[in-house]
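A short write-up of the structure that comes next.
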Amino acid sequence: MATSKKEGEITRLEIASATHQAASVLKAVKKKVGNVILVAISNRTTIELPAHLSQSEIDARVENYLRLHKSKI
């Protein structure tokens, strides 16, 4: 019994492919950025930032993260 794909439906293969593509893009971006540091936002949350940033730039990015993700912290 063959099943037909409904219009707009996404198959598992397409999801796996999209996930793989996203992982590849993220890996390429991380490689391009180079060295990173982990900054603790809370006991459960850390963010990666480029290691070359000054302390004021790090502080600005942390403030921006906190502003954008109020409900997660």
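Since this is a predicted model, take the numbers as computed values, not measurements. Residue numbers run from 1 in the order of the sequence given.
Side-chain contact between T45 and Y65: present, with at least one pair of heavy atoms (C-beta onward) separated by less than 4.5 Å.
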For a quick test of your reading: what N or O donor-acceptor pairs under 3.5 Å do the side chains of residues 24-35 make, sequence neighbours left out?
residue, atom, partner, partner atom, Å
S24, OG, H20, O, 3.0

Without placing hydrogens or testing angles, list every side-chain donor-acceptor pair under 3.5 Å for residues 48-55, not counting sequence neighbours.
residue, atom, partner, partner atom, Å
S54, OG, S56, OG, 3.1
S54, OG, E57, N, 3.3
S54, OG, E57, OE1, 3.4
Q55, NE2, D59, OD1, 2.9

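The side-chain contact (heavy atoms from CB on, under 4.5 Å) check on N43 picks up nothing, with sequence neighbours excluded.
Paired with I47 under the rule side chain to side chain contact (heavy atoms under 4.5 Å, CB included), one option of V39, I58, V36 passes, and it is V39. Here the rule is side chain to side chain contact (heavy atoms under 4.5 Å, CB included) with I15, and of T19, L13, T11 only T19 fits it.
A donor-acceptor contact under 3.5 angstrom links the side chains of R67 and N64, judged on distance only.
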